[in-house]
Amino acid sequence: SRSSGLKAWPFLVIAIVQSFLFLAHWFLYRTWIAFWFPLSPQATLALRTGIFLLAMSFIVAALLGFRYTNPFVSTFYRAAAIWLGLLNFFFWAACLCWVVDFASRLIGLPFDRPLLASLLFGAALVAGIYGMFNAYMIRIRRVAVRLPGLPASWRGRTALLLSDLHLGNVNGFRFGRRIAALAEKLNPDIIFIPGDLFDGTRGDPDRLAEPLKELSAPFGVYFASGNHDEFGGVGHYTAAMKRAGIRVLENEMVTVDGLHVVGASYGDSAFPMRLQAFLEGLPLRDGQASILLNHVPSRLPIVERAGVSLQLSGHTHGGQMFPFTWIVRRAFGKFTYGLQQFGKLQVYTSTGAGTWGPPMRVGSHPEIVLIGFE
């Protein structure tokens with residue numbers, strides 16, 4: 001039946017992901033055995049055991065993170081997420097080991113295998129360490145936007161865009177406090193959060209959202225949900241946000257000093273007909289400028305036809321790290337990042353401030369965005 005199929009799909013996804021992780025770790029193991037010095041039987045057994053446990057670590061940590069919240073789970077999840085990021089770079093280092101070894105033998109100049117592996121895996125480790133430092137260094141980007149029909153009172157004002165904080169086991173209370181401190185220094189007139197404020201893991205949403213009580217803007221703080229906010233139901237997260245003073249826009253519009261601010265929830269914006277029905281029912285063609293918080297930079301023809309002036313999105317993380325930077329760019333094109341035009345609609349997609357999974361960024365930068373209205 002359909003209901004049993006819906007219940008089964010998470011197990012299928014877990015099985016597929018775990019299979020890929022096993023294959024990647026097996027390939028890593030075979031490369032280490034082939035390219036480094038011969039290991040004793042005891043060392044080989046220890047390596048096999050360690051690789052098997054590492055292959056299981058992230059799925060186990062993720063499942064624990066969805067069920068429990070305590071210091072052990074947070075530490076385990078963080079460690080497993082770091083390993084997942086390192087695995088990505090080690091995998092490509094292993095691929096290069098075989099490619100370079102084959103090419104060098106083909107031309108008759110065989111490369112010293114242990115030296116080759118040391119160089120490539122060392123470079124992979126450096127890339128992972130750089131990725132962690134890079135993910136910590138949040139950039140402040142300033143963007144000027146000119147909107148037709150913008151009320152005169154909004155000219156010269158600023159809006160702060162905070163996307164994809166992913167508050168949870170990796171980006172916790174202290175991360176939220178850093179974001180709040182940066183926001184305070186920028187002194188925006190209004191703050192927009194277009195989704196993935198939370199990571200979706202089990203946790204104390206009030207504790208995670210507590211630093212956000214310090215977010216202060218004369219015209220308020222507005223949020224629309226992303227996919228991670230809706231993991232397991234968005235209700236407990238939105239309740240915490242409301243207690244923190246954040247205005248949650250669940251498929252609704254508010255007019256703030258003449259500027260229309262619209263929030264589309266992720267669950268409904270994923271369905272074109274629902275999003276179209278929602279937007280078409282709003283007075284967005286009255287000549288006044290409008291801003292739509294829509295987590296994913298998609299459904300742009302629907303949004304433009306509805307008369308929205310500016311869509312603010314996140315979700316892509318700019319791909320977060322290689323090679324996913326390339327994959328995401330293929331999926332979203334020019335709307336992967338930055339301020340772009342789609343007909344009369346302007347779209348700004350942020351790389352976000354936080355990370356999902358590995359706390360690393362290679363090929364992208366974390367950011368918060370200060371939008372200046374001209």
Side-chain angles (χ1 to χ4, degrees), residues 13-62 76-136 170 316-331 336 355-365:
V13 171
I14 291 171
I16 293 171
V17 172
Q18 186 60 75
S19 297
F20 276 114
L21 288 173
F22 274 134
L23 285 172
H25 282 80
W26 174 84
F27 180 61
L28 209 60
Y29 167 76
R30 294 306 307 167
T31 304
W32 283 347
I33 291 295
F35 280 79
W36 270 313
F37 299 103
L39 300 176
S40 66
Q42 296 83 359
T44 302
L45 178 61
L47 179 60
R48 286 178 181 172
T49 304
I51 286 290
F52 176 79
L53 294 175
L54 286 171
M56 296 285 292
S57 63
F58 187 73
I59 292 294
V60 172
F76 180 39
Y77 185 93
R78 192 175 294 111
I82 291 172
W83 170 249
L84 184 67
L86 291 174
L87 171 67
N88 172 67
F89 298 113
F90 287 157
F91 175 84
W92 295 110
C95 290
L96 285 173
C97 280
W98 292 103
V99 170
V100 173
D101 182 67
F102 176 77
S104 65
R105 291 178 186 280
L106 196 65
I107 62 176
L109 295 172
F111 213 106
D112 180 72
R113 277 190 161 189
L115 176 61
L116 175 62
S118 298
L119 290 173
L120 291 176
F121 277 86
L125 179 62
V126 169
I129 293 171
Y130 160 78
M132 285 190 282
F133 278 104
N134 187 40
Y136 182 81
V170 173
T316 69
H317 293 215
Q320 191 164 314
M321 64 183 192
F322 178 85
F324 304 101
T325 48
W326 182 84
I327 295 170
V328 170
R329 178 67 66 173
R330 302 285 80 73
T336 299
T355 54
W356 178 83
M360 300 175 184
R361 282 184 180 265
V362 175
S364 72
H365 301 291

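- Between Leu96 and Trp92 there is no side-chain heavy-atom pair separated by less than 4.5 Å.
- In this structure, Phe90 and Ala124 approach most closely via the heavy-atom pair CD2-CB, 3.6 Å.
- To the nearest 0.5 Å, atoms CG (Asn88) and CG (Leu84) are separated by 8.0 Å.
- Taking the six-membered ring where tryptophan is involved, the planes of Trp98 and Phe35 are perpendicular, since the angle between them exceeds 60° and thus also 30°.
- Of all the heavy atoms in Ala81 and Gly357, the pair that sits closest is CB-O, 3.4 Å.
- Nearest heavy atoms, Pro359 versus Ala135: O-CB, 3.6 Å.
- When atom types are taken as modelled, the side chain of Asn134 and the backbone of Ser364 share a donor-acceptor pair closer than 3.5 angstrom.
- When the shell of 6.0 Å around OH of Tyr136 is examined, it contains 12 or fewer heavy atoms from other residues, nucleotides or ligands.
- Using modelled atom types, no side-chain atom of Gln320 and backbone atom of Thr355 make a donor-acceptor pair closer than 3.5 Å.
- Rounding to the nearest 0.5 angstrom, the gap separating the SG atom in Cys95 from the CG atom in Leu120 is 10.5 Å.
- Here the CG atom belonging to Leu47 is positioned 9.5 Å from the CG atom belonging to Leu54, to the nearest 0.5 angstrom.
- Here Ile82 contributes atom CD1 and Ile129 contributes atom CD1; the two are 10.5 Å apart, rounded to the nearest 0.5 Å.
- Note that the OH atom of Tyr130 and the CZ atom of Arg361 stand 11.0 Å from one another [nearest 0.5 Å].
- Among the candidates Phe27, Phe20, Trp26, the single residue satisfying the ring pair (Phe, Tyr, Trp, His ring centres under 6.0 Å) test with Phe91 is Phe27.
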Stepwise side chain to side chain contact (heavy atoms under 4.5 Å, CB included) check, His317 with Thr325: CA-CA 9 Å; His317 293 215; Thr325 48; over 6 Å; no
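- Using a distance-only test at 3.5 Å, with no hydrogens or angles considered, no donor-acceptor pair links the side chain of Arg329 to the main chain of Thr336.
- More than 12 heavy atoms of other shown residues, nucleotides or ligands fall within 6.0 angstrom of atom CH2 in Trp36.
- Heavy-atom contacts from other residues, nucleotides or ligands closer than 6.0 Å to CH2 of Trp83 number more than 12.
- Nearest heavy atoms, Ser19 versus Ala15: OG-O, 2.8 Å.
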task: Verify side chain to side chain contact (heavy atoms under 4.5 Å, CB included) between Tyr29 and Arg48, making sure each step is shown before the conclusion.
output: CA-CA 7 Å; Tyr29 167 76; Arg48 286 178 181 172; 2.7 Å; yes
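- Scanning both residues, Cys97 and Thr31, for their nearest heavy atoms gives CB-CG2, 4.1 Å.
- Distance check: Asp112 CG to Asp101 CG gives 10.5 Å after rounding to the nearest 0.5 Å.
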task: Please assess Phe22 against Met56 for the test side chain to side chain contact (heavy atoms under 4.5 Å, CB included), listing each intermediate value before the final yes or no.
output: CA-CA 8 Å; Phe22 274 134; Met56 296 285 292; 3.3 Å; yes
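- Using cut-offs of 30° and 60° on the angle between ring planes, the pair Phe58 and Tyr77 is tilted.
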field: Derivation of the side chain to side chain contact (heavy atoms under 4.5 Å, CB included) call for Phe121 and Leu28
entry: CA-CA 11 Å; Phe121 277 86; Leu28 209 60; 3.8 Å; yes
